[in-house]
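Heads up: the structure comes next, in structure tokens.
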Amino acid sequence: MTAPQKMPKIGAKVWWVNQGASYKEERDGGYIWAPQRTKDGRQLAHHQAVAQVREGDWIFHYSKSALRAVGVATSDGYEAQRPSELSADAWEAAGYRADVEYEELVEPIPLVDIPETLRVGAGGPFTSSGQITQGYLYGTPSRIAEHLEHLISGGAEGQQALAVYVGQAALPNLNHSLTSGITLWGWKESQEWYGEVVPGDLLVLGSGFDGGSPRVQAGEFLEHNLGRLVVARCKSTVFSADDPYWPDETDGVTYPHRVELEVLSDEGPVAIADLDSRFGGEIAEGIRMSGITQGRGELVHLDRRIDVTPADFGEVVSRFTADLNDSGLRFGRRHEQVARSFAVSLATKPFLILTGLSGSGKTQVALAFGKWLGQERLKVLAVRPDWTSPEALLGYENSLSEQIDGGYAWNAPEALRFILGAHKDPHHPYLLLLDEMNLAHVERYFADVLSGMESGEAIVPNLVEVDGEWRRGVGPELVPLPPNLFIVGTVNVDETTYMFSPKVLDRANTIEFRVETDDLDASSERPGDIALATPELAAGFLHAAKTDPGPGGAESELAEWVKRVHVLLAEEGREFGHRTFHEIRLFARKMEAAGRADPLEALDLQLLQKVLPRLHGSRSELTDLLNRLGSFCLVGPASEPDDDFDAAEQPSRDAALPRSFDKIHRMAKRLRSNHFVAFAE
């Protein structure tokens with residue numbers, strides 16, 4: 001992916017050079033150069049290092065927040081005057097030079113592609129916090145060099161697996177690793193083959209052998225089960241670190257040889273006899289041997305790459321519904337419908353509005369969904385009344401900052417940093433929750449985001465963090481909103497808030513949260529944490545959001561029903577446009593993909609979530625329309641509505657579209673008593 005056409009062979013030493021604005025001149029001239037002294041006579045070690053370069057050494061060339069080339073020194077470092085194309089600036093003319101053959105990378109490697117756990121405490125070109133040190137040339141720590149060598153060479157990923165048996169004593173360490181935010185695994189003693197582990201390899205952790213001690217013969221081992229199997233993908237090479245991390249390190253035990261992980265699945269029980277066919281290698285024997293050698297691990301060759309296969313969307317919705325219930329966040333008899341509507345609405349359009357009574361669970365369900373997908377990919381922002389422009393979300397260039405390479409630093413708010421994180425990690429869903437979204441004028445601070453959602457145009461400043469500052473990155477100045485970004489806004493209605501315009505409501509689904517008397521359960525407790533979705537489930541949701549499942553069995557029938565609604569609205573000048581028409585049909589297709597193929601149910605939900613939220617006005621404006629819509633929802637689209645129907649009166653029969661009818665009935669009653677009504681109550 002990133003490999004140049006020709007790779008230098010690794011030399012006696014590997015260097016890292018921060019070239020900044022001088023990269024182009026030094027690349028074109030085929031050298032690196034640094035002064036012997038500053039103009040005030042000081043000698044700097046990162047300049048003197050150029051004299052220590054030896055022919056054949058590797059050099060990683062870093063400029064503008066990314067590695068741009070890998071070079072090999074074609075000479076030892078030597079004394080040389082400053083090349084004429086370099087700026088005199090603050091340096092003396094006498095300096096050190098090493099000639100270098102540059103090989104530019106096809107794709108630059110941004111700093112974020114080097115895991116933070118590798119950078120922190122590594123030294124060399126990195127600060128103690130893992131950021132880039134201000135300076136020129138540094139020796140590259142071996143764990144960084146190994147990681148970069150793998151990235152640059154485009155080495156095959158997932159062709160081997162590190163099989164480990166986790167004994168009872170180490171289970172607290174495993175649980176800590178899976179819940180700490182930064183997932184690591186480690187060992188007490190180094191093994192020669194740890195150096196063969198590369199990013200993309202699997203780590204398969206088995207525990208809970210139900211046959212007693214795992215120190216048995218291979219045949220007997222295969223006859224039993226593992227109580228738990230954790231499968232993870234390595235994000236780094238095996239590196240060394242001595243900072244306390246695991247619970248039992250407080251007792252003096254240390255695990256300095258570590259690897260950073262991305263968990264793919266956590267399951268059990270599993271049949272040991274099935275492991276080899278599942279992974280395409282002798283995983284079972286590797287886990288057994290690891291148990292015999294006290295969890296040291298065995299490197300197993302795989303005959304195929306193991307990928308995460310997205311789960312079926314129906315399974316995604318079903319699992320989220322169940323996990324939401326298990327967490328204690330329940331919505332009574334409407335629980336399945338609420339959870340399904342939430343997931344399907346967000347998969348249909350990545351902007352969802354939740355409105356309703358304070359304390360009804362609207363914020364909690366959004367938080368739960370974000371945590372279910374992954375806590376590190378959830379950001380909650382409280383909207384402030386002083387958000388008066390798009391700068392509140394997308395930031396602005398600070399013209400008072402130092403100008404570098406013709407650009408200023410940016411004021412990058414949390415929202416922008418989160419969006420950029422999603423942009424750099426396109427294979428995982430990210431959820432941005434804007435709490436109390438209508439405390440400020442949504443049309444002002446959210447206008448650019450709305451436009452970017454619809455047009456697909458680039459609206460997000462393309463920034464990278466450099467030494468604690470956010471500046472323009474390599475490539476285009478703006479990038480589109482990432483397709484893996486989902487935005488949920490919660491809405492409260494009182495005298496301190498603003499109403500949403502049709503422009504906003506037209507671009508979202510709106511779900512209203514109510515609390516019925518039967519929902520109040522004296523035995524219920526405050527909701528707890530929701531279980532983490534497996535990678536397959538998270539991938540399944542993202543896949544469902546990005547794909548159109550195609551026309552369902554009742555597509556044409558549903559389209560005709562929606563047109564009938566359009567006729568009723570058009571008679572009062574309240575009709576919707578092409579966008580709403582197409583999104584209602586897409587919602588129905590995704591409902592079918594989620595296991596609900598009834599077009600009446602889809603129509604009912606979309607009237608409630610897409611059409612009715614746009615209605616507000618006086619008694620003279622809305623009475624006739626609510627009566628017509630109420631009759632339509634009562635008798636259903638297959639029958640003719642009653643022209644004399646009164647939506648404010650409770651009918652003696654069940655409605656064909658019960659959810660929409662119930663809302664219309666409440667709106668009609670409020671309209672009769674207050675002479676004005678809006679969807680939000």
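Along the sequence shown, the residues carry numbers beginning at 1.
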> Given the rule in the side chain to side chain contact (heavy atoms under 4.5 Å, CB included) test, do His61 and Arg27 qualify, once you have shown the distances and angles that lead to the verdict?
Replying inline: CA-CA 9 Å; His61 300 269; Arg27 178 203 63 194; over 6 Å; no
> From His301 NE2 over to Phe279 CZ, what is the distance, rounded to the nearest 0.5 angstrom?
Replying inline: 15.0 Å
>> Quick check on side-chain contact (heavy atoms from CB on, under 4.5 Å): which of Leu184, Val253, Thr254 does Trp246 satisfy it with?
In response: Leu184
> Is the distance between the ring centroids of Phe351 and Phe446 less than 6.0 Å?
Replying inline: yes
>> Tell me if the NE2 atom of His543 is crowded by more than 12 foreign heavy atoms within 6.0 Å.
In response: no
> So with a 6.0 Å cut-off around CD of Glu189, is the heavy-atom count from everything else above 12?
Replying inline: no
> Between Ala366 and Val488, what is the shortest heavy-atom contact and its length?
Replying inline: CB-CG1, 3.9 Å
> Which ring-ring contact (aromatic ring centres under 6.0 Å, His included) pairs, counting each pair once, include a residue from residues 111-130, with sequence neighbours left out?
Replying inline: Trp16-Phe126
>> Could you check whether any side-chain N or O of Asn18 sits under 3.5 Å from a backbone N or O of Thr133, counting only pairs where one atom can act as donor and the other as acceptor?
In response: yes
>> Once rounded to the nearest 0.5 Å, what's the spacing between atom OG of Ser290 and atom CG of Leu205?
In response: 8.5 Å
>> Is it the case that the side chain of Asn173 and the backbone of Ala170 share a donor-acceptor pair, with hydrogens and angles ignored and the cut-off at 3.5 Å?
In response: no
> So, do Pro83 and Arg97 sit near enough that their side-chain heavy atoms are less than 4.5 Å apart?
Replying inline: yes
> Does the ring-ring contact (aromatic ring centres under 6.0 Å, His included) test come out yes or no for Phe541 and Phe486, once each step is laid out?
Replying inline: CA-CA 11 Å; Phe541 172 74; Phe486 301 87; 5.0 Å; yes
> Step by step, would you call Glu376 with His428 a side chain to side chain donor-acceptor pair (under 3.5 Å)?
Replying inline: CA-CA 11 Å; Glu376 71 278 10; His428 297 96; over 6 Å; no
> Crowded around Lys546 NZ? As in, over 12 foreign heavy atoms under 6.0 Å?
Replying inline: yes
>> Please identify which of these residues, Tyr255, Tyr245, Trp185, meets the ring pair (Phe, Tyr, Trp, His ring centres under 6.0 Å) condition with His176.
In response: Tyr245
> If you round to the nearest 0.5 Å, how far is CD of Gln19 from CD of Glu25?
Replying inline: 10.0 Å
>> Give me the atom names and distance for the closest heavy-atom approach of Gly456 to Pro480.
In response: O-CB, 3.7 Å
> With distance as the sole test, does His257 use its side chain to make a donor-acceptor pair with the main-chain N or O of Ser190 at under 3.5 Å?
Replying inline: yes
> If we only count heavy atoms from C-beta on, is the Leu302 to Ile283 side-chain gap below 4.5 Å?
Replying inline: yes
>> Does Arg417, at its CZ atom, have more than 12 non-hydrogen atoms belonging to other residues, nucleotides or ligands within less than 6.0 Å?
In response: yes
> Under 3.5 Å, side chain of Tyr445 to main-chain N/O of Asp386, donor-acceptor pair present?
Replying inline: no
>> If you define the side chain from C-beta out and look only at heavy atoms, does anything of Val464 sit under 4.5 Å from Pro110?
In response: no
>> Run the side chain to side chain contact (heavy atoms under 4.5 Å, CB included) test on Glu85 and Asp28 for me, step by step, so that the C-alpha distance in whole Å, both residues' side-chain angles and the decisive distance to 0.1 Å come before the verdict.
In response: CA-CA 10 Å; Glu85 61 269 19; Asp28 293 346; over 6 Å; no
> Should we count CG of Asp76 as having more than 12 external heavy atoms under 6.0 Å?
Replying inline: yes
>> Evaluate Val53 against Tyr96 for side chain to side chain contact (heavy atoms under 4.5 Å, CB included), listing each step before the verdict.
In response: CA-CA 10 Å; Val53 173; Tyr96 299 108; over 6 Å; no
> Heavy-atom distance under 4.5 Å between the side chains of Thr38 and Arg42, does that happen here?
Replying inline: yes
>> Tell me the closest heavy-atom pair linking Gly281 and Val300, and the distance in Å.
In response: C-CG1, 4.1 Å
> Is the backbone of Pro35 close enough, under 3.5 Å, to the side chain of Arg82 for a donor and an acceptor to pair up by distance?
Replying inline: no
> Under 4.5 Å between any side-chain heavy atoms of Arg119 and Gln131, yes or no?
Replying inline: yes
> Do the non-hydrogen side-chain atoms of Leu416 and Pro461 ever get within less than 4.5 Å of each other?
Replying inline: yes
> Looking at Pro256 and Lys188, what are the two nearest heavy atoms and their distance?
Replying inline: CD-O, 3.7 Å
>> Under a 3.5 Å distance rule, please check whether Gln36 uses its side chain to pair with a backbone N or O of Ala94 as donor and acceptor.
In response: no
> Would the number of heavy atoms belonging to other residues, nucleotides or ligands and lying under 6.0 Å from OH of Tyr396 be above 12?
Replying inline: no
> How close do Ser401 and Asn398 get, heavy atom to heavy atom, and via which atoms?
Replying inline: OG-O, 2.7 Å
> Can you tell me how far the OG1 atom of Thr183 sits from the CG atom of Leu203, to the nearest 0.5 Å?
Replying inline: 11.0 Å
> When you measure from the side chain of Asp266 to the backbone N and O of Val230, does any donor-acceptor pair fall under 3.5 Å?
Replying inline: no
> Atom CH2 of Trp193 and atom CD of Glu298: how far apart are they, to the nearest 0.5 Å?
Replying inline: 6.0 Å
> Hey, is the main chain of Glu196 close enough, under 3.5 Å, to the side chain of Gln160 for a donor-acceptor pair?
Replying inline: yes
> Which of parallel (below 30°), tilted (30 to 60°) and perpendicular (above 60°) describes Tyr194 and Trp187?
Replying inline: tilted
> Tyr430: what forms a ring-ring contact (aromatic ring centres under 6.0 Å, His included) with it, not counting sequence neighbours?
Replying inline: Phe418
> Which heavy atom of Glu249 sits nearest a heavy atom of Asp243, and at what distance?
Replying inline: OE1-O, 3.9 Å
>> side chain to side chain contact (heavy atoms under 4.5 Å, CB included), that's the test. Do Leu420 and Val460 meet it? Break it down for me.
In response: CA-CA 8 Å; Leu420 289 170; Val460 181; 4.0 Å; yes
>> Is it the case that the side chain of Arg471 and the backbone of Gly407 share a donor-acceptor pair, with hydrogens and angles ignored and the cut-off at 3.5 Å?
In response: yes
> When Lys13 is tested against each of Ile59, Thr140, Asp57 for side-chain contact (heavy atoms from CB on, under 4.5 Å), which residue passes?
Replying inline: Asp57
> Counting heavy atoms not belonging to Arg384, are there more than 12 under 6.0 Å from its CZ?
Replying inline: no
> Atom CG in Leu433, atom NZ in Lys379: separation rounded to 0.5 Å?
Replying inline: 11.5 Å
